[in-house]
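This report refers to the structure that appears directly beneath it.
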Amino acid sequence: MSNLVTASTLSAENISVWFGERQVLEDVNLVFPGNKVTALIGPSGCGKSTFLRTLNRMHELIPGAGLAGSVLLDGNDIYGPDADVVDVRINVGMVFQKPNPFPTMSIRENILSGLKLSGRKIQNADELVETSLRRASIWNEVKDRLNDQALALSGGQQQRLCIARSLAMNPKVLLMDEPCSALDPGSTRRIEETIGELSESMTIVIVTHNMQQAQRVSDQTAFFLADENIPGGVVEFGRTEDVFNNPVDTRTNDYVNGHFG
Amino acid sequence: MAETETTQPKVAVRRKLQAGPLSRGDKWFFRGISAAANFAFVLVGLILTFLLIQAWPVLQAQGFGFIFGSTWKAEDGAKVVMQLGPMLWGSILIAITGIVLATPMAISFAYLIVFLLPKRIAKIATTLIDLLAALPSVVIGLWGLYVFTPVALHWAAILNRSLGWFPLFHVKDPSRPLTDSPFLAGWIVAVMIVPIITSVTREIFSQLDQGLINGALALGGSRFSVLRRVIIPNSAPGILGGILLGLGRAIGETVAILYVLQLSFNINWYSILEPRGGAVASWILARFGEASPAEFKGLMAAGLVLFVITLIVNSLANLIVNRSKANR
């Protein structure tokens with residue numbers, strides 16, 4: 001932990017979310033401190049993925065999307081009047097459930113794609129490609145075939161390529177939406193190791209359905225729950241050990257012990 | 001003896017399995033379907049045979065000159081020379097002009113419909129653009145002549161004034177009005193093929209993996225950079241297929257072009273604003289009424305050439321569109 005870089009703090013304040021007229025989240029307050037990994041857990045449809053998408057302004061791409069509250073990155077509201085969406089998405093990177101490398105681009109082009117897409121200048125391209133791939137622990141596997149199509153990689157490698165692609169933008173925060181749910185156990189383990197390494201230099205929020213994974217990778221855990229006609233919200237939020245071993249709320253206890261969900 | 005027979009290993013006979021008719025009614029259904037399918041083949045074959053029989057003497061007499069030469073003399077008495085070159089090249093020049101004008105429009109429409117407009121309005125827009133494809137070409141020709149020509153003439157004049165030094169926009173005599181040019185014909189053709197390219201592109205866009213687009217937006221992409229770097233590259237084969245389908249129609253276009261183009265055997269290679277050009281189909285239509293029996297055969301030969309070109313272009317288009325669909 002010697003090379004620890006103090007990372008940004010992201011905090012969500014009084015977040016409520018709507019799809020059209022339907023409210024799906026109510027009054028979520030969570031703080032994601034720098035260098036910490038936070039796991040968001042809860043049954044399907046509880047709004048945890050939707051919440052994640054409010055943290056880098058991806059939620060607003062859905063027609064009819066609505067939001068109340070604010071998300072502060074080092075104290076600045078990413079929904080504020082001066083906030084630039086492109087800057088927000090660069091500072092808060094995202095890795096999706098299904099690996100989505102760009103099929104028409106090579107491995108190398110995939111790494112540089114964010115800079116091109118956002119119209120940023122590319123400096124020291126070779127170095128950036130190598131560092132990004134190294135940070136995502138995939139450099140050794142692809143260093144001899146950087147010009148191959150990204151789709152030639154296995155699913156797990158594709159996902160690590162997508163992580164590397166996000167890292168190339170040098171984000172302060174990395175959001176991960178069930179990044180391992182489409183992967184085999186071996187690939188999952190490697191990505192979990194990568195998450196641990198990355199937390200030395202950034203803030204990570206991960207949505208997961210896998211209880212063991214949440215316990216393995218995260219420092220703190222938020223348990224989301226929704227009910228019929230009741231929008232989702234955070235039932236319990238605290239240190240991961242406490243949430244899993246010593247939950248305050250009985251619903252949390254039932255969920256982490258597999259009684260429902 | 002019987003026992004030795006039973007100890008011999010049984011060899012299972014391999015049968016060919018085929019999904020056949022499931023009932024007596026199915027049998028008739030199958031026959032009807034295959035008759036309809038065969039009818040289409042037979043019809044195309046018959047047309048091709050008819051054209052070949054009519055065209056053969058002309059093609060034999062004129063040789064390759066029929067395609068590459070540029071003289072058309074078919075009056076009675078004189079030696080008949082029929083060479084289609086300028087009309088053939090004219091068709092291609094107009095088709096290319098039309099496609100260059102239509103493709104950006106079609107991609108914009110498709111993008112609007114699939115990614116930007118609310119569903120209800122997108123549906124209406126789709127219907128309207130498809131309606132454009134259903135308009136008879138005479139109507140588009142008349143609209144082009146009376147309504148659109150004055151507008152396009154204005155654009156042509158601007159192009160000639162500002163880019164006249166470039167051969168493509170050069171005109172020999174700029175004092176003459178820029179009517180009857182491949183540029184005008186190209187616009188008319190563009191209007192006619194926009195619906196085809198739009199509908200193919202729309203289809204391809206809507207089948208795109210939304211995950212790719214979200215991924216690109218999450219990396220800080222703008223709407224335009226995502227279109228340019230992710231959406232278009234991933235749809236390119238399909239769009240190309242749509243363009244080729246449009247090309248097939250553009251090359252075969254007849255009446256509408258006749259209204260807005262001066263047909264000339266003085267070949268126009270590239271000056272799209274010059275008031276002369278060619279189009280095979282329009283030439284056939286223009287000459288048909290007063291053709292001598294000899295010239296009639298020449299026009300049939302022209303028809304054959306057109307038929308073969310459109311057949312090749314359309315087959316290529318279908319191949320590309322189907323392949324890009326299969327890859328998803």
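The model shown is predicted, which means the values in this text are computed figures rather than measured ones. Every chain is numbered from 1 and lettered A, B, ... according to where its sequence line falls, protein lines coming before strand lines.
For the residue pair B/I188 and B/A256, the shortest heavy atom distance occurs at CG2-CB, 3.6 Å. The two residues B/I320 and B/P237 make their nearest non-hydrogen contact at CG2-O, 3.0 Å. Nearest heavy atom pair, residue B/A190 against residue B/L101, reads CB-CB, 3.9 Å. Residues A/G69 and A/I15 share a closest heavy-atom pair of C-CD1, 4.1 Å.
B/R202 contributes no side-chain N or O that, together with a main-chain N or O of B/V114, makes up a donor-acceptor pair within less than 3.5 Å. Remark: the backbone N or O of B/E203 is paired with a side-chain donor or acceptor of B/S206 at under 3.5 angstrom.
With chain A as partner, the option from B/G215, B/G211, B/G220, B/A216 having the largest number of non-hydrogen pairs under 4.5 angstrom is B/G220. Chosen from A/I90, A/V88, A/L61, the residue pairing most often with chain B at heavy-atom distances under 4.5 Å is A/L61.
Residues B/W89 and B/Y270 keep their aromatic ring centres 6.0 Å or farther apart.
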Would you list the atom pairs in which one atom of chain B and one of chain A form a donor-acceptor pair under 3.5 Å?
from, atom 1, to, atom 2, distance (Å)
B/D209, OD2, A/K98, NZ, 3.2
B/G211, O, A/N100, ND2, 2.8
B/S225, OG, A/L117, O, 2.6

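Using cut-offs of 30° and 60° on the angle between ring planes, the pair B/F169 and B/F166 is tilted. Ring geometry for B/W187 versus B/W155: interplanar angle of 30 to 60°, hence tilted.
The contact between A/P101 and chain B is made entirely by backbone atoms, counting heavy-atom distances below 4.5 Å. The contact between B/V230 and chain A is made entirely by side chain atoms (from C-beta outward), counting heavy-atom distances below 4.5 Å. Heavy-atom distances place the side chain of A/F96, and not its backbone, under 4.5 Å from chain B. In this structure, no portion of A/P63 lies under 4.5 Å from any heavy atom of chain B.
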